[in-house]
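Residue numbers start from 1 in every chain, and the chains themselves are labelled A, B, ... in the order their sequence lines are given, proteins ahead of strands.
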2 protein chains.
Amino acid sequence: MATSSAATRGTSAAVSSASTAAARLRVIVPSVADRVADELRLQLAEGVLLPGTRLTESTIAEDLGVSRNTVREAFAELASERLVVRHPNRGVFVASLEAGDIHDVYTVRRTIEVSAIRGGGSPEAVAAVRAAVEEGKLAAAANDDEGLGTANQHFHGAIVALAGSRRLNTIMSQVLAEMRLFFHKATMDAHFYSGYLKDNEEICEALEAGELERAAELLLAYLDRSEEKQAEVHGE
Amino acid sequence: MATSSAATRGTSAAVSSASTAAARLRVIVPSVADRVADELRLQLAEGVLLPGTRLTESTIAEDLGVSRNTVREAFAELASERLVVRHPNRGVFVASLEAGDIHDVYTVRRTIEVSAIRGGGSPEAVAAVRAAVEEGKLAAAANDDEGLGTANQHFHGAIVALAGSRRLNTIMSQVLAEMRLFFHKATMDAHFYSGYLKDNEEICEALEAGELERAAELLLAYLDRSEEKQAEVHGE
DNA sequence: AATCGAAGGATTGTTGAACAATCGATAAAT
DNA sequence: ATTTATCGATTGTTCAACAATCCTTCGATT
């Protein structure tokens, strides 16, 4: 519906450069609430805001120079992504994942990623997986730990993308965002990712060779090991 | 609505022994925004609000006797569930699923449900699946089409619950909520569900017998057929 | 001294009103 | 008929206020 109107306008106004330009120039200006959410998301990912931290509406509103109501909308967005938890009448807090949550997150990942890789996917999608692997190699060569981490996330994002489902993609991004919440505890350990690199390479090769079942098994083993490590670091 | 304060006051004064009782009696009073979202969700599921319908903030605020800001928060909640779509500066509209969306939704369902049933699940979880099947039989015996539909949704919810993952459960509820958006077009056709009943029974039996792979195959075939039918009804 | 209960302060939840920005449609002009 | 200008309606955002609720501190009671 919405996209059809834009399309029809584009075709009907083939001569008039104005309307097509307007349609093309249509810069998506994120709402203020969205930008607040983005900023908070960033601070959450960077570890500036640690799990359990309380987020006071008035403070954030003042800091970012926006209204309390707008902050409120941003909170709603973040809460829907589980990055933040609302305690009624008490405020919102940075979500802190407990042992059960870690297992739960990995359950979701196993379900989606393994299923996606079993499906194979288009050549371009496979190429994206390969690209993520190479990205990781480059980061490793440059001793860029941060880059290694994001490359790893790109890798798993690309695997989910094999399924070609918009919804699965957004679900995966949200899960990855959740994971970033407790990753920086382990991210200091450089060996954490170094081992993954070889795994990714192997999985990618199996995928490229069309050995989907083997790729799936490798991925599954990888996820199990990863969960174990996380539980260790986070463990009590 | 306005008497909610009296209710909370009554509970707080009811008991003298404080903390444990308070923790247990803690009646979850949904915020006004939540109740607005609930009401809209209901109307969406019932087909009162059809896909594409525009939801004007002021109108809804007036109708439900709440503030515009509160309606706005409810919209944010519904938008995060994809039940509603925001068009910047234009308003929110009831989401209308197009052909691609239907396929996408079924992709998510195949991924999650098949994976869940392959895992088997605890005896109680399996019992819940059986319960949903029986619920469907009862509804069929009573010629209760509405009941048949909800029983079917319980069935698939129970299947996902086999995985024992909170996150997968909520993902599934959201997907089911999305499907309800375009289901009432097909819901008139009583034969739509009648065929499913036997399928559910068969899948459940395989699950109870521990023949997980067969159960998974049956479920997969079921979902494929279901998607096909939906595409047909909705199709072009 | 320890427990319990009653103010006090702070923050959230919700409302209402205001205003600029933007969109859609209608009317005017070329 | 196409373009332009105008107008009305609606959204996006802010501000200010208030009740409800929570946490803490401080007394009071036993």
Side-chain angles (χ1 to χ4, degrees), chain A residues 1-2 5-6 8-9 12-23 25-37 53-79 84-93, chain B residues 1-13 15-23 25-37 53-79 84-93:
Chain A
M1 277 283 209
S5 74
T8 55
R9 168 165 300 186
S12 70
V15 184
S16 158
S17 65
S19 67
T20 62
L25 285 184
R26 191 98 212 89
V27 180
I28 313 147
V29 181
S31 74
V32 177
D34 284 337
R35 272 177 297 176
V36 171
T53 307
R54 179 176 187 173
L55 301 180
T56 310
E57 292 181 356
S58 45
T59 304
I60 293 182
E62 210 171 312
D63 286 358
L64 300 183
V66 298
S67 149
R68 240 187 83 207
N69 268 323
T70 302
V71 173
R72 210 148 224 286
E73 282 200 38
F75 280 172
E77 204 172 320
L78 296 176
V84 124
V85 177
R86 281 195 115 113
H87 287 237
N89 287 317
R90 293 204 27 196
V92 315
F93 299 79
Chain B
M1 326 170 173
T3 58
S4 68
S5 68
T8 56
R9 172 164 299 182
T11 60
S12 68
V15 187
S16 58
S17 75
S19 65
T20 65
L25 285 183
R26 191 101 213 88
V27 180
I28 313 146
V29 181
S31 73
V32 176
D34 284 337
R35 274 177 294 174
V36 171
T53 307
R54 179 175 189 175
L55 302 180
T56 310
E57 293 181 355
S58 45
T59 304
I60 293 182
E62 210 172 310
D63 286 358
L64 300 183
V66 300
S67 150
R68 237 187 85 205
N69 268 323
T70 302
V71 173
R72 207 147 225 284
E73 282 199 37
F75 280 172
E77 205 171 320
L78 297 176
V84 123
V85 177
R86 282 195 111 114
H87 288 233
N89 286 319
R90 294 205 26 200
V92 315
F93 300 78

A/R35 atom CZ is separated from D/dG12 atom P, nearest whole Å, by 13 Å
Out of C/dT15, C/dG13, D/dG12, minimum distance to the side chain of B/N89 belongs to D/dG12
Assert: residue with more 5' nearest nucleotide on DNA chain D, out of A/S31 and A/R90, is A/S31
Checklist entry - Is any side-chain heavy atom of B/R72 closer than 4.5 Å to a side-chain heavy atom of B/N69? => result yes
May I ask you to verify if any side-chain N or O of A/R86 is less than 4.0 angstrom from the OP1 or OP2 atom of C/dG13?
yes
What one should report as the nearest heavy-atom pair of A/F75 and A/I60 is CZ-CD1, 3.8 Å
Taken to the nearest 0.5 Å, the spacing of B/T59 OG1 from B/E57 CD works out to 10.0 Å
Rounded to whole Å, the NE2-C1' distance (A/H87 to D/dC23) equals 15 Å
Any donor-acceptor pair under 3.5 Å linking the side chain of B/R35 with the backbone of B/V29? no
What residues 56-65 of chain A contributes to the DNA chain D interface at heavy-atom separation below 4.0 Å is none
Smallest heavy-atom separation, B/A33 atom then B/A74 atom, equals O-CB, 3.6 Å
Expected list for residues 67-76 of chain A near DNA chain D, using heavy atoms below 4.0 Å, is A/S67, A/R68, A/N69, A/T70
Here the distance between atom P of D/dT10 and atom CZ of B/F93, to the nearest Å, is 12 Å
